[in-house]
Amino acid sequence: MVTQVECRGEKISEVAPTVEIVLRELVRRICARDQTLEGVPGHVVIADDFAAALVSLGEQPPPAGAILPTVARTLYREAGAVLVLESEQVAKALGGEAEDMARFVHLLHAEMWRMRLHLDALSAGEDALGAWQDSVFDSQMRPVVEAMRSEYAVTRRSVWSLPADADLMLKHFMDVVDALPPATQEDVTLAMASNDLDGLFVRSLGRIAHLVQTAAHAQGYLAGLGKPLGAISPELEAALSQSFFGPHWGPLTEQLDALYCAPGAEAVEAQRHVVQETLVAVFASLGLQVRRAEDGGVWIEAGVTKGA
């Protein structure tokens, strides 16, 4: 259900009445198919200047180099959730080809599921980060695990609206897999030269987080479709099996499914630990040994590669 639509900016304001009518109808149709989504997205802001809209709604300006959504973002405020959409994407859907509308419908559907899953977790008493602040190590690793959980659940739930020409981000995933070993080796070389192991961990965590979240994104789609990777692309499956990430793909498939299906808070937490162990194993496959130090901090050693 859409309770309020704001169009911010000269371009989108010119078509504001049409945008509101279409948006309300799209949400109505999505909710008719996925009745669990009744009640979201609520307040929607469509802005010509996406970044400025986020800041005006209370979001802190992102640090330089941060990778953030550029077309859709949900902010959770005391007054309620707000879905912010970039106006160019909306205008393109309204005035473009059928494929453009299909992509926008899927974007909207996925964001509605992202919002619903987050709100449901909060109502169930799951604090997204607070329970993990007992050590620096967990406070760094667990948000990545939770992002994987969220990405997998969103794509698995929203698979029915997937456009026919979607590639499930599989090509991008393989590009990341191929690029990560040399990028990590370069990071290690620079860190050793400057004795900056803390910086090495931060850079490596950012790269690996992007990899595993992309993997979770693709695996959610595959689970929703009920197909293994080989049924979609035998070539990509063969390439993945030969990569450093190959040994992690199968276990991660089972672990994310178990986390998705976990019946209660204790089962969810137990499965989070399992996924976090796989995250640590991905570090090891890249020659980075990481673990929780005795004081709860991060211990890292570079240059020793272990199998998964």
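Please read these numbers as outputs of a predicted model, since none were measured by experiment. Sequential numbering from 1 along the given sequence is applied to the chain's residues.
Here the straight-line distance linking atom CE of Met112 with atom OG1 of Thr36 works out to 10.5 Å at 0.5 Å rounding. The distance from atom OG1 of Thr155 to atom CG of Leu168, rounded to the nearest 0.5 Å, is 9.0 Å. Between Met101 atom CE and Leu94 atom CG the span is 5.0 Å, to the nearest 0.5 Å.
Under a cut-off of 6.0 angstrom, the local environment of CD in Glu25 is crowded, with over 12 non-hydrogen atoms contributed by other residues, nucleotides or ligands.
Residues Arg114 and Glu151 have side chains in contact (heavy-atom distance under 4.5 Å, counting atoms from C-beta outward). Arg292 places none of its side-chain heavy atoms less than 4.5 Å from the side chain of Trp299. Phe173 is not listed as a side-chain neighbour of Gln213, based on a closest heavy-atom distance of 4.5 Å or more. The shortest distance between side-chain heavy atoms of Asp178 and Phe245 does not fall below 4.5 Å. The closest side-chain heavy-atom distance from Thr3 to Met1 is below 4.5 Å. Two residues are said to be in side-chain contact when any heavy atoms from C-beta on lie closer than 4.5 Å; Glu111 and Val154 fail this criterion. Taking 4.5 Å as the limit, every side-chain heavy atom of Val45 sits out of range of all side-chain heavy atoms of Leu83. The shortest distance between side-chain heavy atoms of Leu256 and Arg149 does not fall below 4.5 Å.
The two residues His43 and Ala81 come nearest to each other via the heavy atoms CB-O, 3.8 Å. The minimum heavy-atom distance linking Asp48 with Ser87 is given by the pair OD1-OG, 2.7 Å. Residues Leu117 and Ala153 share a closest heavy-atom pair of CD1-CB, 3.6 Å.
At distances below 3.5 Å, at least one donor-acceptor pair connects side-chain atoms of Ser161 with backbone N or O atoms of Ser158. Distance alone, capped at 3.5 Å, places no donor-acceptor pair between the Ser241 side chain and the Gly246 backbone.
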Can I get a per-line list of side-chain donor-acceptor pairs under 3.5 Å for residues 192-205, giving both atom names and the distance, sequence neighbours left out?
unit_1 : atom_1 : unit_2 : atom_2 : d
Ser194 : OG     : Leu190 : O      : 2.9
Asp196 : OD1    : Gly199 : N      : 2.9
Ser204 : OG     : Leu200 : O      : 2.8

Residues 228-240 side chain polar contacts: donor-acceptor under 3.5 Å, at least two apart:
unit_1 : atom_1 : unit_2 : atom_2 : d
Ser233 : OG     : Leu236 : N      : 3.1

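Residues Ile208 and Met169 do not share a hydrophobic cluster, defined by chaining ILVMFWY side chains whose heavy atoms lie under 4.5 Å apart. Hydrophobic clustering places Tyr76 together with Val40 (ILVMFWY residues linked when any side-chain heavy atoms are closer than 4.5 Å, directly or through intermediates). Val274 and Val268 are members of different hydrophobic clusters when ILVMFWY side chains are connected at heavy-atom separations under 4.5 Å.
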(message) Could you walk me through whether Val84 and Thr74 satisfy the side chain to side chain contact (heavy atoms under 4.5 Å, CB included) test, starting with their C-alpha distance in whole Å, then the side-chain angles of each, then the deciding distance to 0.1 Å, before giving a yes or no?
(response) CA-CA 6 Å; Val84 184; Thr74 299; over 6 Å; no
(message) Assess the residue pair Lys171 and Asp175 against the criterion (side chain to side chain contact (heavy atoms under 4.5 Å, CB included)); give the C-alpha distance rounded to whole Å, side-chain angles, the decisive distance to 0.1 Å, and a yes or no.
(response) CA-CA 6 Å; Lys171 184 180 184 302; Asp175 288 343; 3.4 Å; yes
(message) Before you tell me yes or no, could you show the steps for Leu26 and Val22 under side chain to side chain contact (heavy atoms under 4.5 Å, CB included), namely the whole-Å CA-CA distance, both residues' side-chain angles and the distance that decides it to 0.1 Å?
(response) CA-CA 6 Å; Leu26 290 177; Val22 172; 4.0 Å; yes
(request) Could you walk me through whether Val188 and Glu186 pass the side chain to side chain contact (heavy atoms under 4.5 Å, CB included) test, one step at a time? (result) CA-CA 5 Å; Val188 169; Glu186 182 178 349; over 6 Å; no
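Separation of the His210 and His172 ring centroids falls under the 6.0 Å cut-off. Taking the six-membered ring for Trp, His106 and Tyr221 have ring centres closer than 6.0 Å.
Between Arg8 and Asp49 there is no salt bridge, since no side-chain nitrogen of the basic residue lies less than 4.0 Å from a carboxylate oxygen of the acidic one. With salt bridges taken as basic N to acidic carboxylate O contacts below 4.0 Å, one links Glu20 and Arg24. Using a cut-off of 4.0 Å between Lys/Arg side-chain N and Asp/Glu carboxylate O, Glu86 and Arg73 are scored as not salt-bridged. Electrostatic pairing of Glu269 and Arg142 counts as a salt bridge here, judged by a charged N lying under 4.0 Å from a carboxylate O. Residues Asp34 and Arg157 are not paired through a salt bridge, judged by the lack of any N-O separation under 4.0 Å between the basic side chain and the carboxylate.
Under the side chain to side chain contact (heavy atoms under 4.5 Å, CB included) test applied with Val90, the options Val44, Leu107, Ile46, Val71 reduce to a single match, Ile46.
A donor atom on one side chain and an acceptor atom on the other are not found under 3.5 Å apart for Gln219 and Asp257. Side-chain N/O atoms of Ser150 and His118 include no donor and acceptor closer than 3.5 Å.
Within the structure, every pair that satisfies the ring pair (Phe, Tyr, Trp, His ring centres under 6.0 Å) test and touches residues 251-273, not counting sequence neighbours, is listed here: Tyr152-Tyr260.
Annotation: cation-pi pair Arg33/Trp160 present, NZ/CZ under 6.0 Å from the ring centroid and within 45° of its normal.
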